[in-house]
Number of protein chains: 2
Amino acid sequence: MTSSSLSHDVGEQRRRATVPDATVARLPLYLRALHLLAEQGYETVSSEELAEAAGVNSAKLRKDLSHLGSYGTRGVGYDVTHLVEQISSQLGLGRRCSVVLVGVGNLGRALAGYGGFANRGLAVDALLDADEATVGQQIAGLTVRHVDELGEVAGPGSIAVIATPAAAAQEVCDRLVAAGVTSILNFAPVVLSVPAHVDLRKVDLAVELQILSFHEHRKAAGADERVPAGASA
Amino acid sequence: MTSSSLSHDVGEQRRRATVPDATVARLPLYLRALHLLAEQGYETVSSEELAEAAGVNSAKLRKDLSHLGSYGTRGVGYDVTHLVEQISSQLGLGRRCSVVLVGVGNLGRALAGYGGFANRGLAVDALLDADEATVGQQIAGLTVRHVDELGEVAGPGSIAVIATPAAAAQEVCDRLVAAGVTSILNFAPVVLSVPAHVDLRKVDLAVELQILSFHEHRKAAGADERVPAGASA
DNA sequence: AACTGTGAAACCTTTCACAGCT
DNA sequence: AGCTGTGAAAGGTTTCACAGTT
């Protein structure tokens, strides 16, 4: 067990090492909302307005931003441009960070051309596939290369996206790790294993649909069974 | 201590109305892992094994399953087939629930053919698009219909998936709501507004990538700045 | 002996409400 | 007056550790 002296371990030197995960997950949201507001001519926004645009409540937004530092002005709000810069910088969108996408099926193509990806500082800059018929094609301004050339485009510092069929994902993942990649985003519906030092995230397109189904099912079941007629709104 | 002396409190009629959100979000994961294990010939699994296959820890798994009821056998584990049925039923995958997909671009195509979708009880069964060139095409065994025919395929009880460009999403959403749909999954990178009774979920393909970027950035910044040399392996 | 089911503790996130700055 | 930044309260989730069951 842990020593009973509790949580004083880590030194103070990690000043901003403490942005909560939940907050990080919302920064991209704020960033998009801010870009939108900027296009509409806003120079400053209140937490209320920005929260509305991002689809969260204002207390949460303020708390989130407070974790990055104090970038607002009391009585006024936040400077849109400045806040965009701060968040972008936090997210590491400024530095040239190569994004490599493996698997150029429908999903891969969608991702390669995705506004959200290409938009601000995080464009995909290499496409790889195993299929000879796909290799050589021009997609979203890039030429698809063979997955065997993976070592030439991916390395420490790059972010890899796996959009292959489930069956191929683990092998691709292993190759990426061997090439030194430590940040991987997996869209294939399998649980991948990676060494502890690799940061692996997962997007499962079916999960959200199944969650919806759960709630839809609940609604229907509730209506069937014993609810006292129009109970909820 | 099952229903003996201290079964006080909450009305009993809401027996299973209390599955926590976090648990619901993991059920699809367990389901997939179970299907995999079933294919490999498992008839029972321990919480340890299933947790491993699903990529979570066993305490969490047991707690999650306990919210659905007690389907395990102490000293033995869980019956794979039975558990699959229980979870499927919770998720409403048994009942025929029509899934309508609007927007047949690359992402739409990917979703229509997605193993995870088509796989178990939640196949997409109508495709709609606004583009005349796309309407009429055969995709994943379905003929693409014009979005104006939305009212004919979507209604109360169906689940809708929006995979259109951002600019079209709100209008499609409004039409879906007008048609009586109350469960919508949005892949377009915009914040949609819906009436309170509609259940709207959102998948943002770029968010996860940006979260990875955040962590990658941290790693790099940490290495640059002040870390006490080779602290971690 | 093996393994589930679950209170209780630890941890994390959200919301509230207001002090403090402009 | 208006709005941010933030302690403190409330709520939710994960982990621990063990009683209970087969």
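Lettering follows sequence order; numbering is per chain, from 1.
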Nearest whole Å is fine: how far is [N] [atom2] from [X] [atom1]?
{"X": "A/L65", "N": "C/dT13", "atom1": "CG", "atom2": "P", "answer": "16 Å"}
{"X": "B/Y78", "N": "D/dT22", "atom1": "OH", "atom2": "P", "answer": "14 Å"}
{"X": "B/L83", "N": "C/dT4", "atom1": "CG", "atom2": "P", "answer": "11 Å"}
{"X": "A/R74", "N": "D/dG5", "atom1": "CZ", "atom2": "C1'", "answer": "5 Å"}
{"X": "A/E48", "N": "C/dC16", "atom1": "CD", "atom2": "P", "answer": "12 Å"}
{"X": "A/L50", "N": "D/dG5", "atom1": "CG", "atom2": "P", "answer": "12 Å"}
{"X": "A/D64", "N": "C/dT15", "atom1": "CG", "atom2": "C1'", "answer": "12 Å"}
{"X": "A/H67", "N": "C/dT14", "atom1": "NE2", "atom2": "C1'", "answer": "10 Å"}

Checklist entry - With nearest nucleotides of DNA chain C determined for A/R62 and A/D21 from heavy-atom distances, which residue corresponds to the more 5′ nucleotide? => result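 So the residue in question is A/D21.
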
Item to check | Pairwise 5' ranking along DNA chain C for A/A59 and A/P20, keeping only the more 5' one | outcome: A/P20

Checklist entry - Within less than 4.0 Å of OP1 or OP2 of C/dT14, is there a side-chain N or O belonging to A/N57? => result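 No, outside the criterion.
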
Next on the checklist: When you measure from the side-chain N and O atoms of B/S47 to the phosphate of C/dT4, is any distance below 4.0 Å, counting only OP1 and OP2?
Outcome noted: yes

To the side chain of [X], which of [options] is closest?
{"X": "B/S66", "options": "C/dT6, D/dG5, C/dT22", "answer": "C/dT6"}
{"X": "B/K60", "options": "C/dT13, C/dC21, D/dT15", "answer": "D/dT15"}
{"X": "A/R26", "options": "D/dG5, C/dT4, C/dT14", "answer": "C/dT14"}
{"X": "A/K63", "options": "D/dT13, D/dG5, D/dG7", "answer": "D/dG7"}

Checklist entry - Under the criterion side-chain hydrogen bond (donor to acceptor under 3.5 Å, both in side chains), which of B/E52, B/K60, B/R62, B/K63 is the partner of B/S47? => result B/R62

Looking only at heavy atoms, which two atoms of [X] and [Y] are closest? And how far apart?
{"X": "A/S213", "Y": "B/I159", "result": "CA-CD1, 3.7 Å"}
{"X": "A/A123", "Y": "A/V99", "result": "O-CB, 3.7 Å"}
{"X": "B/A33", "Y": "B/L50", "result": "CB-CD1, 3.8 Å"}

Checklist entry - Does any donor atom in the side chain of A/Q86 or A/H82 lie under 3.5 Å from an acceptor atom in the other side chain? => result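 A/H82 and A/Q86 do have a side-chain donor-acceptor pair below 3.5 Å.
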
